[in-house]
Trainee: 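Starting off with a structure, shown below.
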Amino acid sequence: MTEAEQAGRPTEPTGPTQPTGATATADGSGEPKGRRRIAVLLVVAAFAYLLDLGSKLFVVAELEHHDPIQVIGTWLQFEVVRNRGAAFGIGEAMTVVFTVIATAVIVAIARIARKLYSLPWAVALGLLLGGAFGNLTDRLFRSPGGFEGGVVDFIAPAHFAVFNLADSAIVCGGFLIVILSFRGLDPDGTVHED
């Protein structure tokens, strides 16, 4: 028996420890943190997807084939544009390629989610997933359909490309991932210090 055990003080574990967040939750629920992080990813993705889908349904029904609506003078307008290419209208003849890329992003996120213990990563991946699903839905179901549909863009800032909420979610998720990577935080909760 060690001196600490004789005095009734807790001892520090001497064996290998799990990464932060890989054990049961501190609230005593016994639910692994990984599952809670996947739930956060799915909630964020669903929120981003539904917000994008709802906004597109509204603007197509109310604004398409009408003059642009000025939100902040000519600095920001709502104007429906069908975009068959990528951002900035690049690659309009490659719609099927962008559909495959969006599908690959979704599969990659599903693979990363299996070892997801980081809350910031869950939010970032949820934004990417929701945005990718939002634009993929357009490519699959909007005319002309079958992997070649035009994505509905409607947010039109002056001197910038027209975009939608799915694009915004993807950009915000990507930006957050860059910050997390620079800070050395991995999806599994491991922090690398350089």
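On a predicted model such as this, the values are computed, not experimentally measured, just so you know. All values below were derived from every heavy atom in this structure, side-chain atoms included, with hydrogens, water molecules and symmetry-related copies excluded.
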Trainee: Mind listing the closest non-hydrogen atom pair of Val40 and Ala122 along with its distance?
Mentor: CG1-CB, 4.0 Å
Trainee: Transitively linked via ILVMFWY side-chain contacts under 4.5 Å: Phe175 with Ile155?
Mentor: no
Trainee: Taking the side chain as everything from C-beta on, heavy atoms only, tell me whether Leu128 gets closer than 4.5 Å to Ile109.
Mentor: yes
Trainee: Side-chain contact, heavy-atom cut-off 4.5 Å: Leu165 with Leu53?
Mentor: no
Trainee: Got Val60 and Arg142 here, is their nearest side-chain heavy-atom distance under 4.5 Å?
Mentor: yes
Trainee: Donor-acceptor check, side chain of Trp121 to backbone of Leu185, threshold 3.5 angstrom: yes or no?
Mentor: yes
Trainee: Measuring only between side-chain heavy atoms, which start at C-beta, is Phe78 closer than 4.5 Å to Ser55?
Mentor: no
Trainee: Which ILVMFWY residues are connected to Val171, directly or by a chain of links, through side-chain heavy atoms under 4.5 Å apart?
Mentor: none
Trainee: Where do Ala132 and Ile106 come nearest, in terms of heavy atoms and distance?
Mentor: CB-CG1, 4.0 Å
Trainee: Are Leu125 and Val44 close enough that some pair of their side-chain heavy atoms sits under 4.5 Å apart?
Mentor: no
Trainee: Tell me who clusters with Val107, hydrophobic residues only, linked when side chains sit under 4.5 Å apart either directly or through other members.
Mentor: none
Trainee: Please check if Leu50 and Leu57 belong to a single hydrophobic cluster, counting links between Ile, Leu, Val, Met, Phe, Trp and Tyr side chain heavy atoms closer than 4.5 Å.
Mentor: yes
Trainee: What side chain to side chain donor-acceptor pair (under 3.5 Å) pairs are there with at least one residue in residues 155-165, not counting sequence neighbours?
Mentor: Asn135-Asn164, Asp153-Asn164
Trainee: Evaluate the side chain to side chain contact (heavy atoms under 4.5 Å, CB included) criterion for residues Arg82 and Val152: first the C-alpha distance (whole Å), next the side-chain angles of each, then the deciding distance (0.1 Å), finally the verdict.
Mentor: CA-CA 5 Å; Arg82 300 289 182 124; Val152 175; 3.9 Å; yes
Trainee: For the hydrophobic clusters of this structure (ILVMFWY residues joined by side-chain heavy atoms under 4.5 Å, transitively), does one cluster hold both Leu116 and Val43?
Mentor: no
Trainee: Roughly how far apart are Ile112 CD1 and Ser118 OG, rounded to 0.5 Å?
Mentor: 11.5 Å
Trainee: I'd like to know whether Cys172 forms a side chain to side chain contact (heavy atoms under 4.5 Å, CB included) with Leu176, so could you lay out the CA-CA distance, the side-chain angles of the two residues, the decisive distance to 0.1 Å, and finally the verdict.
Mentor: CA-CA 6 Å; Cys172 290; Leu176 184 53; over 6 Å; no
Trainee: Does Leu41 reach the side chain of Leu129, with side-chain heavy atoms less than 4.5 Å apart?
Mentor: yes
Trainee: If hydrophobic clusters are built by linking Ile, Leu, Val, Met, Phe, Trp and Tyr wherever their side-chain heavy atoms come under 4.5 Å apart, do Leu76 and Phe58 end up in the same one?
Mentor: yes
Trainee: Assess the side chains of Thr190 and Tyr117: does a donor N or O sit below 3.5 Å from an acceptor N or O?
Mentor: no
Trainee: With Lys56, which of Val80, Thr137, Val151 fulfils side chain to side chain contact (heavy atoms under 4.5 Å, CB included)?
Mentor: Val151
Trainee: Under 4.5 Å between side-chain heavy atoms, hopping through other hydrophobics if needed: is there a path connecting Phe154 to Val71?
Mentor: yes
